[in-house]
Amino acid sequence: MALVVICGQPCSGKSTAAQCLEGALKDSESKLITRVIDESSFHLDRNQCYSNMTEEKMLRGVLRSEVDRSVSKDSIIIVDSLNSIKGYRYELWCLARAAGIRYCVLFCDVEESHSKTWNKQRRENGESSYDDKIFEDLVGRFEKPDKRNRWDSPLFELWPFRDGIEKSSAAILDAVSYLTKKADAKSRDVGILQPTIATQSARPSDANSLYEMDRATQEIINAVVEAQSQAFGGPVNGISLGQGLSPINISRSVGLPELRRLRRTFIKLTGQSSLSGPSPPSDAESAKRMFVDYLNRELG
């Protein structure tokens, strides 16, 4: 259904925003299934995860893999993490596009001084906090989202220090409206990312389907050649191929090279359409019917 990326500096209210968004979605009339994916889901310590580049890269890999397994058209996944690198947000956007779902970014905009104060308060209260060195490093490397980038759009902005974060916050309500609105039956919903052939996995097909298609189309070619030879090269109408198959009507003489070219083109087109359409025919009769229809369109 959707992927929501929570973004912000350390200690900027991201987890609170994720909880409020999850609660608002559960309170909405849509009653959609929601799930929050964060570091605590894997019992990871934030200071250890961001202690060096290797650990941080491993953390992003764990979160990305879990998102990839979880995204579907039946649930809303909320990624509650720093998500501070624009290249990483692009990777998450690609996962949403491959799944054919909606995507948005919820940004908690807080000044560094306020985030530092909140981090210090958490440490004094015995809550989870960042070490000062790690905090400064993360703030210095933070890449603010830009709504002009497709992987940062649509962008919903919260100002936790100024306005606080509630389920009734304007950005939360706008995000809920975007995530739960129904697609217009008359026009494609621009909020739903459309997978391309490059992001789609080829459908698994019967290992025998290519052999069956090759054999069936060759039998049709042989029948056409035989019928033309009996007609001494003249036009052939109504080549009978057996029960359940339409006759082939050829209005002109067709040489073997052209028939072979049409056969190769048919097999190629059938393989390409299997990426986004029906699977290739796995039995000889289905392949013959499709090839006969193709020849009648091309040569009739």
Side-chain angles (χ1 to χ4, degrees), residues 1-41 46 63 67 70-84 89 92-93 96 101-122 124-125 127-130 139 142-184 189-193:
M1 178 66 184
L3 175 63
V4 183
V5 175
I6 308 293
C7 178
Q9 295 183 4
C11 297
S12 58
K14 297 184 297 299
S15 295
T16 302
Q19 293 172 4
C20 289
L21 178 60
E22 183 182 24
L25 286 168
K26 289 181 178 179
D27 293 341
S28 65
E29 296 180 357
S30 61
K31 304 298 180 182
L32 294 168
I33 299 173
T34 60
R35 181 191 172 196
V36 177
I37 296 177
D38 56 7
E39 289 93 340
S40 62
S41 303
R46 60 177 59 183
L63 294 175
V67 170
S70 303
V71 289
S72 70
K73 296 186 178 181
D74 301 319
S75 61
I76 296 178
I77 304 300
I78 302 172
V79 187
D80 175 20
S81 185
L82 289 177
N83 301 315
S84 57
R89 294 196 295 271
L92 296 176
W93 178 84
I101 60 177
R102 304 179 194 194
Y103 172 91
C104 70
V105 175
L106 184 60
F107 174 42
C108 296
D109 193 355
V110 176
E111 293 183 7
E112 179 182 347
S113 59
H114 298 145
S115 295
K116 185 178 295 186
T117 299
W118 286 345
N119 186 54
K120 182 178 179 181
Q121 291 175 351
R122 289 182 181 181
E124 293 173 349
N125 295 333
E127 301 175 359
S128 179
S129 62
Y130 293 94
V139 169
F142 178 74
E143 295 176 336
K144 187 175 180 180
D146 185 346
K147 63 182 179 181
R148 293 173 295 182
N149 298 327
R150 52 185 174 176
W151 55 86
D152 291 331
S153 177
L155 179 65
F156 303 101
E157 297 185 65
L158 286 166
W159 290 272
F161 182 80
R162 187 189 69 186
D163 303 328
I165 306 176
E166 302 288 343
K167 288 195 291 185
S168 58
S169 297
I172 298 290
L173 295 178
D174 289 342
V176 170
S177 175
Y178 170 77
L179 295 170
T180 58
K181 70 179 180 180
K182 295 182 179 180
D184 188 354
D189 187 357
V190 295
I192 300 177
L193 300 177

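Heavy atoms only: backbone and side chains are in, while hydrogens, waters and symmetry mates are out. This is a predicted model, so every value here is computed, not measured.
- Separating the NZ atom in Lys26 from the CD1 atom in Ile33 is a distance of 10.5 Å, to the nearest 0.5 Å.
- Using a 4.0 Å cut-off between a side-chain N of Lys or Arg and a carboxylate O of Asp or Glu, Lys144 and Asp109 qualify as a salt bridge.
- Not one N or O on the side chain of Asn119 forms a donor-acceptor pair closer than 3.5 Å with the backbone of Ser115.
- Atoms CH2 and SG, on Trp118 and Cys11 in that order, are 9.5 Å from each other to the nearest 0.5 Å.
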Next on the checklist: Evaluate Leu25 against Ile76 for side chain to side chain contact (heavy atoms under 4.5 Å, CB included), listing each step before the verdict.
Outcome noted: CA-CA 9 Å; Leu25 286 168; Ile76 296 178; 4.0 Å; yes

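- Under the 3.5 Å distance criterion, with hydrogens and angles disregarded, no donor-acceptor pair is assigned to the side chains of Ser72 and Asp74.
- Residues Asp38 and Ser41 have side chains that bring a donor and an acceptor to within less than 3.5 angstrom of each other.
- For Glu112, the side chain to side chain contact (heavy atoms under 4.5 Å, CB included) partners at least two apart in sequence or on another chain are Gln9, Lys116, Glu136, Val139.
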Item to check | CA sep, side-chain torsions, deciding dist, call: Asn149, Lys147, side chain to side chain contact (heavy atoms under 4.5 Å, CB included) | outcome: CA-CA 5 Å; Asn149 298 327; Lys147 63 182 179 181; over 6 Å; no

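- Taken to the nearest 0.5 Å, the CG atom of Leu193 stands 10.0 Å off from the CZ atom of Arg150.
- In plain terms, the two heavy atoms of Tyr103 and Ser153 that are nearest each other are CD2-O, 3.8 Å.
- The two residues Ile165 and Gly13 come nearest to each other via the heavy atoms CD1-O, 3.3 Å.
- When all heavy atoms are compared, the tightest approach of Ser128 to Arg122 is O-CD, 3.5 Å.
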Checklist entry - Would Leu92 and Leu3 satisfy side chain to side chain contact (heavy atoms under 4.5 Å, CB included), going step by step from the backbone distance to the final call? => result CA-CA 8 Å; Leu92 296 176; Leu3 175 63; 4.2 Å; yes

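- Surrounding CD of Glu22 are more than 12 heavy atoms belonging to other residues, nucleotides or ligands, all under 6.0 Å away.
- A distance of 11.0 Å separates OG in Ser169 from CH2 in Trp159, rounded to the nearest 0.5 Å.
- Rounding to the nearest 0.5 Å gives a distance of 11.5 Å between SG of Cys104 and CG of Asp152.
- Contact detail for Ala17 and Ile172: the closest heavy-atom pair is O-CD1, 4.0 Å.
- Of all heavy-atom pairs between Asn83 and Cys7, the closest is O-SG, 3.5 Å.
- When every heavy atom of Phe107 is checked against every heavy atom of Leu155, the shortest pair comes out as CB-CD1, 3.8 Å.
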Checklist entry - Hey, mind stepping through Val71 and Ile101 against side chain to side chain contact (heavy atoms under 4.5 Å, CB included) and telling me if it holds? => result CA-CA 8 Å; Val71 289; Ile101 60 177; 4.0 Å; yes

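- Between Tyr178 and Phe156, the ring planes are tilted. Angles from 30° to 60° get that label.
- The main-chain N or O of Arg148 is found under 3.5 Å from a side-chain atom of Asp146 such that the two form a donor-acceptor pair.
- Taking 4.5 Å as the limit, some side-chain heavy atom of Leu82 sits within range of a side-chain heavy atom of Lys14.
- Under 3.5 Å, the side chains of Ser75 and Arg35 contain no donor-acceptor pair of N or O atoms.
- Taking 4.5 Å as the limit, every side-chain heavy atom of Ile78 sits out of range of all side-chain heavy atoms of Ile37.
- With hydrogens and angles disregarded, a donor-acceptor distance shorter than 3.5 Å links the side chain of Thr180 to the backbone of Val176.
- At a threshold of 4.5 Å between non-hydrogen side-chain atoms, the residues Val79 and Ile6 do not count as touching.
- Contact of the Leu32 side chain with the Met1 side chain is registered, since non-hydrogen atoms from C-beta on lie closer than 4.5 Å.
- Put simply, CG on Asp27 and NZ on Lys167 are 4.0 Å apart, with the number rounded to the nearest 0.5 Å.
- Within 6.0 Å of CD in Glu143 there are more than 12 heavy atoms belonging to other residues, nucleotides or ligands.
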